[in-house]
Amino acid sequence: MAVMFYDVKNREKVEVPEDKVKKTTYERQLKNGGTQVRYALRGELADGRNVTKFVSKDDWDAMDAPTE
């Protein structure tokens with residue numbers, strides 16, 4: 001199954017094979033002292049560039065991909 005990403009450089013949607021997709025999280029500190037966690041999928045295009053897609057935690061958990 002392929003995952004759909006948006007290629008900003010070429011301004012088009014691209015499909016990345018599931019074996020080229022990795023899961024990652026981004027954490028940041030909020031002004032009130034809390035922490036925000038964002039869940040993302042990172043894919044590698046044929047020319048070596050990376051594309052990122054932010055997803056919900058449910059979609060992130062359902063994805064069977066390695067975590068970086």
> Got a sec, which residues hit side-chain contact (heavy atoms from CB on, under 4.5 Å) with Val21, two or more places apart in sequence or on another chain?
Replying inline: Val3, Phe5, Val16, Leu41, Met63
>> Test: salt bridge (charged side-chain N to carboxylate O under 4.0 Å, His left out). Region: residues 14-31. Which pairs qualify, not counting sequence neighbours?
In response: none
> Residues two or more places apart in sequence or in another chain: which of them pass side-chain hydrogen bond (donor to acceptor under 3.5 Å, both in side chains) with Glu12?
Replying inline: none
> Sequence neighbours excluded, which residues qualify as side-chain hydrogen bond (donor to acceptor under 3.5 Å, both in side chains) partners of Thr67?
Replying inline: none
> What closest approach, in Å, do Tyr6 and Arg11 show between heavy atoms, and which atom pair accounts for it?
Replying inline: OH-CA, 3.2 Å
>> Taking Val37 as the starting point, is it possible to reach Val55 by hopping between hydrophobic residues whose side chains are less than 4.5 Å apart?
In response: yes
>> Listing request: all ring-ring contact (aromatic ring centres under 6.0 Å, His included) pairs with a residue in residues 30-50, at least two apart in sequence or in separate chains.
In response: Tyr39-Trp60
> Any salt bridge (charged side-chain N to carboxylate O under 4.0 Å, His left out) pairs touching residues 39-59, not counting sequence neighbours?
Replying inline: Asp7-Arg49, Arg42-Glu68, Asp47-Arg49, Lys57-Asp61
